[in-house]
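In what follows, a single structure is set out as structure tokens and then discussed.
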Amino acid sequence: MKFGDRVTFKINAVDKKGRGVGTTATGRPMVVPFTVPGEEVEASLVARAQGKFKMRLESVMTPSPHRVQAKCRHAGKCGGCAWQQFDYEFQLGLKRGLVNDALAAAGITQRIEAVIPAVSTFYYRNRMDYGLGWKGELGLKEPGRWNTYVDLEECFLLSPESVELMRRFRAYMREAAIVPWDVKKHTGYGRYLVIREGKFTGQRMVMFVTAAGELPMPEKLVAALGDLATTVYHGVNSTVTDLSTADTLTLLSGAPLLEEKIDGKTFSVHPNAFFQTNSAMAEVLVRKVREFLGDRTPQVLLDLYCGVGLFGICLAGDAKRVVGVEIDPDAIEMARANAVRNGLTNTEYFAAKTESLVWENEEPDTVIIDPPRAGLHPDVVKTLLIRKPKRIIYVSCNYESFCREWRELSLEYKIERLEALDLFPHSPHIETVALLTLK
Ligand SMILES: C[S@@+](CC[C@H](N)C(=O)[O-])C[C@H]1O[C@@H](n2cnc3c(N)ncnc32)[C@H](O)[C@@H]1O
């Protein structure tokens, strides 16, 4: 098949990136974003990678009965939502299938009965990192493209105010003659507009991330964003890496930290720190972990990959000690302050890599692990198998990492409970929570 060639075929599976997959006569996979199993589609070849044909959807010949009118005009082009044009129950079924297939492939006998649905399917995120394209677009990337942005006129992921903020930000960009960053050439200045919201506090932090150099007309930026931003930062990412985190931060207006309330506790969040991006579902997640703990109060609770302290602080309750470990020193500073402001005296926090933690000082009976998508470092798995804490609650945003590590963890542990929660509607992402106890 040549680039641009059009073919008509049936979609018979969905991959972990949420793309429909069909096969050529010779058995080569053809992946098509914005399609689902059962559909017959016409698609054209745009790239070859890892033995797959990457296709662009040209038309849907036979639509799925689950296709609905998408709310957003950019659906079907923007990489922010893979599945907005499919009904929500169907999305949950697709996620359940993806997890259950991975569990089966890893030899795990447990299955997800039903995915716990999101509290809201629109405006559910508390953070968006809108990028600037080299032509001045402000928005999100097209699926599979690293330098093609969809210039968003609307977006239903964060809030109506965020769309108005983008409009005001564009006006500032024009007035201050901001030259957008070019990810290919590594030239230009404006890189990301990061908006974070406290869904339960009404606060909104805006950070304009640029390349190195003084921000033109900072007072105009603050004035343009007006009362829609309770905090405004200028952040500099002086590297060529396409990231929205800043290596230096200048507070232009408002309070330095964003506050959010989860499960009755208040958390301050540093502009660069990780925080669960769906506040309402973070509460459901915390309650699920509490349910898994049951009435067996932890003596020593080890909260690994603790971020700004979410799980440990919500679950510290009657525990004798809570020990949190996190690689990001800013987040650890926040975790310490968050524990104090929530009246806790039984917590300790350490800025360290989980894999370099010296367990000799700890005898945890309960360990919560919530690693990034890459999963656990092999040394962490080894240490868990040697130290054998009575129970582990494994919160995972990547079921494939969990399934991979299970091959080793299953030497000592059994899965007592396993559930999946939808923190990210319209995307193929899914959170799983497992209660592992010693065999
Ligand atoms: C999925 S987040 C979970 C954060 C926290 N549990 C929460 O719910 O807010 C993963 C966290 O692991 C941290 N992290 C990444 N690699 C790490 C490592 N090797 N050791 C410790 N923490 C790490 C990240 O900075 C991030 O805060």
Side-chain angles (χ1 to χ4, degrees), residues 125-127 129 196 198-200 243-247 257-263 265-290 292-293 301-316 322-339 342 347-359 362 364 366-384 392-402 405 420-421 423-424 427 429-434:
R125 289 184 62 97
N126 60 27
R127 172 188 180 144
D129 298 20
R196 297 180 87 151
K199 293 288 186 188
F200 296 111
L243 282 178
S244 59
T245 35
D247 42 54
L257 303 170
L258 180 84
E259 290 179 326
E260 180 60 308
K261 283 193 164 68
I262 304 285
D263 194 48
K265 302 281 193 284
T266 306
F267 294 88
S268 295
V269 185
H270 185 274
N272 274 339
F274 174 91
F275 195 71
Q276 295 288 342
T277 44
N278 183 333
S279 297
M281 286 307 286
E283 212 153 66
V284 176
L285 184 59
V286 165
R287 288 177 188 158
K288 186 52 70 183
V289 174
R290 184 177 290 124
F292 280 13
L293 290 177
L301 172 67
L302 190 53
D303 183 9
L304 299 178
Y305 309 89
C306 69
V308 299
L310 180 74
F311 290 111
I313 288 172
C314 290
L315 303 166
V322 173
V323 179
V325 179
E326 157 69 44
I327 198 168
D328 173 5
D330 289 329
I332 280 296
E333 211 178 292
M334 295 295 90
R336 288 189 185 123
N338 288 332
N342 288 292
T347 57
E348 290 162 55
Y349 287 97
F350 300 102
K353 286 185 179 169
T354 295
E355 52 274 28
S356 56
L357 182 70
V358 182
W359 280 53
E362 317 298 340
T366 305
V367 179
I368 294 177
I369 41 182
D370 181 17
R373 290 189 63 74
L376 301 177
H377 188 283
D379 289 351
V380 177
V381 177
K382 267 190 216 137
T383 310
L384 287 168
I392 300 172
I393 296 189
Y394 193 144
V395 178
S396 172
C397 58
N398 184 354
Y399 54 85
E400 289 194 317
S401 311
F402 170 75
E405 291 147 12
L421 298 87
L423 271 62
F424 312 103
S427 86
H429 298 296
I430 183 151
E431 200 84 2
T432 54
V433 196

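Remember, it's 1-based here, ligands and their atoms both numbered in the order they're listed.
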Worksheet item: Quick one: side-chain contact (heavy atoms from CB on, under 4.5 Å) partners of Ser427, sequence neighbours excluded?
Response: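 Ser427: side-chain contact (heavy atoms from CB on, under 4.5 Å) contacts with Lys95, Phe424, His429.
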Discussion item. Which residues pass the side-chain contact (heavy atoms from CB on, under 4.5 Å) test with Ala316, not counting sequence neighbours?
Written reply: Val322, Leu344, Asn346
Discussion item. Classify the ring geometry of Tyr394 against Phe402: parallel below 30°, tilted from 30° to 60°, perpendicular beyond 60°.
Written reply: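 Rings of Tyr394 and Phe402: perpendicular, over 60°.
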Item to complete: Determine, stepwise, if the pair Thr266 / Asn338 fulfils side-chain contact (heavy atoms from CB on, under 4.5 Å).
Response: CA-CA 7 Å; Thr266 306; Asn338 288 332; over 6 Å; no
Practice prompt. For the pair Arg290 (side chain) and Leu315 (backbone), establish whether a donor and an acceptor sit closer than 3.5 Å, ignoring hydrogens and angles.
Written response: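 Side chain of Arg290 to backbone of Leu315: no pair is present.
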Show me the short polar-atom pairs for ligand 1: any N or O of it lying under 3.5 Å from a protein N or O, with distances only.
from     : atom 1 : to     : atom 2 : distance (Å)
ligand 1 : 6 (N)  : Tyr305 : O      : 2.9
ligand 1 : 6 (N)  : Asp370 : OD2    : 2.9
ligand 1 : 8 (O)  : Gln276 : NE2    : 2.7
ligand 1 : 8 (O)  : Asp370 : OD2    : 3.1
ligand 1 : 19 (N) : Glu355 : OE1    : 3.1
ligand 1 : 19 (N) : Glu355 : OE2    : 3.3
ligand 1 : 20 (N) : Thr354 : N      : 2.9
ligand 1 : 20 (N) : Thr354 : OG1    : 3.4
ligand 1 : 22 (N) : Ile327 : N      : 3.1
ligand 1 : 25 (O) : Glu326 : OE2    : 2.6
ligand 1 : 27 (O) : Glu326 : OE1    : 2.7
ligand 1 : 27 (O) : Glu326 : OE2    : 3.3

In a table with atom names and distances, give each donor-acceptor pair under 3.5 Å that connects a side chain of residues 375-384 to protein atoms at least two apart or in another chain.
from   : atom 1 : to     : atom 2 : distance (Å)
His377 : ND1    : Asp379 : N      : 3.0
Thr383 : OG1    : Asp379 : O      : 2.6

